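Every value quoted in this text rests on a predicted model; they were computed, and no experiment measured them.
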Amino acid sequence: MDDKPFPWRQWMRIGIGGLKWRPADFWDATLTEFFDGIEGHNDSQGGEPDGDAPNQGELDALVAKYG
């Protein structure tokens with residue numbers, strides 16, 4: 001695991017400001033609930049779905065192009 005700390009302040013801004021959660025709701029949420037909340041909010045606002053990982057052919061092409 002990476003040794004960088006979690007970006008709590010940034011996440012609080014998203015949860016409280018963007019999702020309109022109360023601070024207690026933010027702190028009571030699991031990380032899974034938090035990120036699912038963001039995804040659900042984005043979906044409801046017409047956000048684009050996450051793309052799939054590249055397949056082997058696409059990966060090979062990227063490696064050939066960028067090394």
Side-chain angles (χ1 to χ4, degrees):
M1 183 171 174
D2 201 330
D3 288 336
K4 294 180 184 177
F6 289 122
W8 292 113
R9 284 191 174 279
Q10 182 180 6
W11 291 352
M12 283 176 45
R13 285 187 206 110
I14 294 167
I16 296 168
L19 299 176
K20 308 295 187 214
W21 288 0
R22 297 174 307 141
D25 296 331
F26 171 79
W27 288 112
D28 287 343
T30 65
L31 287 177
T32 299
E33 291 167 336
F34 175 67
F35 288 108
D36 282 349
I38 293 169
E39 188 172 331
H41 175 76
N42 290 343
D43 289 348
S44 72
Q45 300 300 310
E48 295 181 20
D50 292 337
D52 292 330
N55 63 35
Q56 190 61 48
E58 293 166 331
L59 185 58
D60 291 341
L62 289 169
V63 171
K65 184 172 183 177
Y66 297 106

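Remark: Q45 pairs with H41 by the side chain to side chain contact (heavy atoms under 4.5 Å, CB included) rule, at least two apart or across chains. Residues meeting the salt bridge (charged side-chain N to carboxylate O under 4.0 Å, His left out) test with D36, sequence neighbours left out: none.
The side chain to side chain donor-acceptor pair (under 3.5 Å) analysis of residues 6-16, with sequence neighbours excluded, yields no pairs. Screening residues 53-67 for side chain to side chain donor-acceptor pair (under 3.5 Å) gives Q56-D60 as the qualifying pairs, with residues at least two apart or on separate chains.
Here the CZ atom belonging to F34 is positioned 14.0 Å from the CG atom belonging to D28, to the nearest 0.5 angstrom.
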May I have the list of side-chain donor-acceptor pairs in residues 16-26 shorter than 3.5 Å, sequence neighbours left out?
from, atom 1, to, atom 2, distance (Å)
K20, NZ, G17, O, 2.9
R22, NE, D25, OD2, 3.1
R22, NH2, D25, OD1, 2.8
D25, OD2, R22, N, 3.4

